[in-house]
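Read through the structure below, which is laid out as structure tokens, and then see the notes.
Owing to the predicted nature of the structure, the values given are computational and were not obtained by experimental measurement. Along the sequence shown, residues are numbered consecutively beginning with 1.
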Amino acid sequence: MLHEQQALHFKCTGCGKCCTGCEDHYIALSQTEAERIRQHLGVSRQWFKRRYVMHLTRNILTARMQEGRCTFLDKNGQCKIYRLRPVQCRTYPYWPEILESKKAWNNEAKHCEGINVGAIVPLKEIKRKLAQQLRSEEDETL
Ligand code: SF4
Ligand code: SF4
């Protein structure tokens, strides 16, 4: 994979673009992650399902998109559940499909201004996040 072949630069600018315009992908939440977020928001299970999430599979939920924005993104462009954000958000951009080639990495840079800028990301950190993402994907039975 790309991170094993070359050093990768990344620094999140907090632009919030990866939390918007996601009609063509989803923000997966495990049942455990969803329950932690629900408790943090202090809403009922019924209201949480109606307002914040949808079922993607039997086990996996996805955050709802509202007018092209993740439902957890506040009007100032900040994540309302940052401390509890899903694995998918924590591990970006070190997803297998982004790290599979230089082309995929540079293509993703068109959507994320933090890719290819900033300092070199320690290999250990990339490996840790990639492994975390792969573990979470094992639970996704699409
Ligand atoms: S698009 Fe990239 S730079 Fe912008 S908030 Fe998301 S990860 Fe950070
Ligand atoms: S959960 Fe938070 S970090 Fe993840 S896409 Fe939604 S607003 Fe962005």
Side-chain angles (χ1 to χ4, degrees), residues 1-4 7-142:
M1 295 183 99
L2 185 62
H3 61 292
E4 291 157 330
L8 297 179
H9 295 254
F10 173 69
K11 181 168 173 49
C12 179
T13 63
C15 71
K17 199 172 168 191
C18 56
C19 311
T20 60
C22 307
E23 285 85 2
D24 57 341
H25 66 268
Y26 58 86
I27 303 157
L29 294 154
S30 68
Q31 296 281 0
T32 307
E33 287 172 329
E35 180 57 16
R36 282 196 197 115
I37 294 166
R38 185 193 71 77
Q39 288 180 11
H40 172 74
L41 295 172
V43 296
S44 70
R45 287 195 170 84
Q46 194 178 32
W47 184 244
F48 185 69
K49 281 189 181 164
R50 197 171 285 169
R51 169 71 177 73
Y52 295 98
V53 295
M54 293 188 303
H55 270 281
L56 197 62
T57 69
R58 194 164 55 82
N59 297 327
I60 300 294
L61 300 160
T62 176
R64 286 183 187 270
M65 298 300 293
Q66 289 170 332
E67 296 173 1
R69 296 163 61 87
C70 172
T71 191
F72 298 118
L73 193 65
D74 73 15
K75 57 179 185 298
N76 300 316
Q78 302 293 308
C79 177
K80 286 190 273 192
I81 54 153
Y82 189 76
R83 200 172 50 82
L84 299 173
R85 68 198 186 286
V87 166
Q88 172 177 327
C89 306
R90 292 172 189 274
T91 58
Y92 182 82
Y94 312 114
W95 297 349
E97 62 270 35
I98 298 175
L99 292 174
E100 75 181 3
S101 67
K102 192 168 188 166
K103 188 177 171 194
W105 176 259
N106 287 332
N107 199 42
E108 190 65 20
K110 294 175 192 161
H111 308 287
C112 169
E113 65 185 26
I115 291 178
N116 289 334
V117 301
I120 291 172
V121 183
L123 191 54
K124 201 173 155 185
E125 183 183 332
I126 298 175
K127 284 183 172 174
R128 182 177 61 77
K129 291 193 173 179
L130 174 62
Q132 196 182 1
Q133 178 62 22
L134 288 169
R135 274 197 306 278
S136 80
E137 289 179 11
E138 281 171 15
D139 296 331
E140 294 180 27
T141 46
L142 288 171

task: Would you please test Tyr94 and Val121 for side chain to side chain contact (heavy atoms under 4.5 Å, CB included) and show each step?
output: CA-CA 11 Å; Tyr94 312 114; Val121 183; 3.2 Å; yes

message: Any side-chain to backbone donor/acceptor pair from Glu33 onto Val87? Under 3.5 Å, distance only.
response: yes

- request: Determine yes or no for a side-chain-to-main-chain donor-acceptor pair under 3.5 angstrom, with Arg90 supplying the side chain and Arg85 the backbone.
  value: yes

Nearest-0.5 Å distance, [atom1] of residue [X] to [atom2] of residue [Y]:
X: Ile81; Y: Cys70; atom1: CD1; atom2: SG; answer: 6.5 Å
X: Ile60; Y: Tyr26; atom1: CD1; atom2: OH; answer: 8.0 Å
X: Glu67; Y: Leu73; atom1: CD; atom2: CG; answer: 12.0 Å
X: His9; Y: Asn116; atom1: NE2; atom2: CG; answer: 8.0 Å

- request: Kindly state each residue pair satisfying ring pair (Phe, Tyr, Trp, His ring centres under 6.0 Å) with at least one member in residues 109-128, sequence neighbours excluded.
  value: none

statement: For residues 62-87, the ring pair (Phe, Tyr, Trp, His ring centres under 6.0 Å) pairs (sequence neighbours left out) are Tyr52-Phe72

field: Inter- and intrachain pairs under salt bridge (charged side-chain N to carboxylate O under 4.0 Å, His left out), touching residues 106-132, at least two apart
entry: Glu125-Lys129

message: Tell me which pairs pass salt bridge (charged side-chain N to carboxylate O under 4.0 Å, His left out) where either residue lies in residues 73-82, with sequence neighbours left out.
response: none

field: Whether over 12 other heavy atoms sit under 6.0 Å from Glu97 CD
entry: yes

- line: Applying side chain to side chain donor-acceptor pair (under 3.5 Å) to Thr62 and not counting sequence neighbours gives none

query: Arg51: what forms a side chain to side chain donor-acceptor pair (under 3.5 Å) with it, not counting sequence neighbours?
result: Gln66, Thr71

Under 3.5 Å, which donor-acceptor pairs link side chains of residues 36-44 to any protein atom two or more places apart or in another chain?
{"from": "Arg38", "atom 1": "NE", "to": "Glu35", "atom 2": "OE1", "distance (Å)": "3.0"}
{"from": "Arg38", "atom 1": "NH1", "to": "Val43", "atom 2": "O", "distance (Å)": "2.7"}
{"from": "Arg38", "atom 1": "NH2", "to": "Glu35", "atom 2": "OE2", "distance (Å)": "2.8"}
{"from": "Gln39", "atom 1": "NE2", "to": "Glu35", "atom 2": "OE2", "distance (Å)": "2.9"}
{"from": "Ser44", "atom 1": "OG", "to": "Trp47", "atom 2": "N", "distance (Å)": "3.0"}

message: Once ring pair (Phe, Tyr, Trp, His ring centres under 6.0 Å) is applied, do any residues pair with Trp95, and if so which ones, sequence neighbours excluded?
response: Tyr92

message: If you define the side chain from C-beta out and look only at heavy atoms, does anything of Pro96 sit under 4.5 Å from Gln133?
response: yes

statement: Residue set satisfying side chain to side chain contact (heavy atoms under 4.5 Å, CB included) with Leu2, at least two apart, ordered chain then number -> Gln5, Gln6, Leu8, Lys102, Trp105

Set of side chain to side chain contact (heavy atoms under 4.5 Å, CB included) partners for Ala104, sequence neighbours left out: Glu100, Ser101

Closest contact, heavy atoms only, [X] versus [Y]:
X: Ala28; Y: Gln88; answer: N-OE1, 2.9 Å
X: Lys11; Y: Gly118; answer: CB-CA, 4.0 Å
X: Leu29; Y: Ala63; answer: CD1-N, 3.9 Å

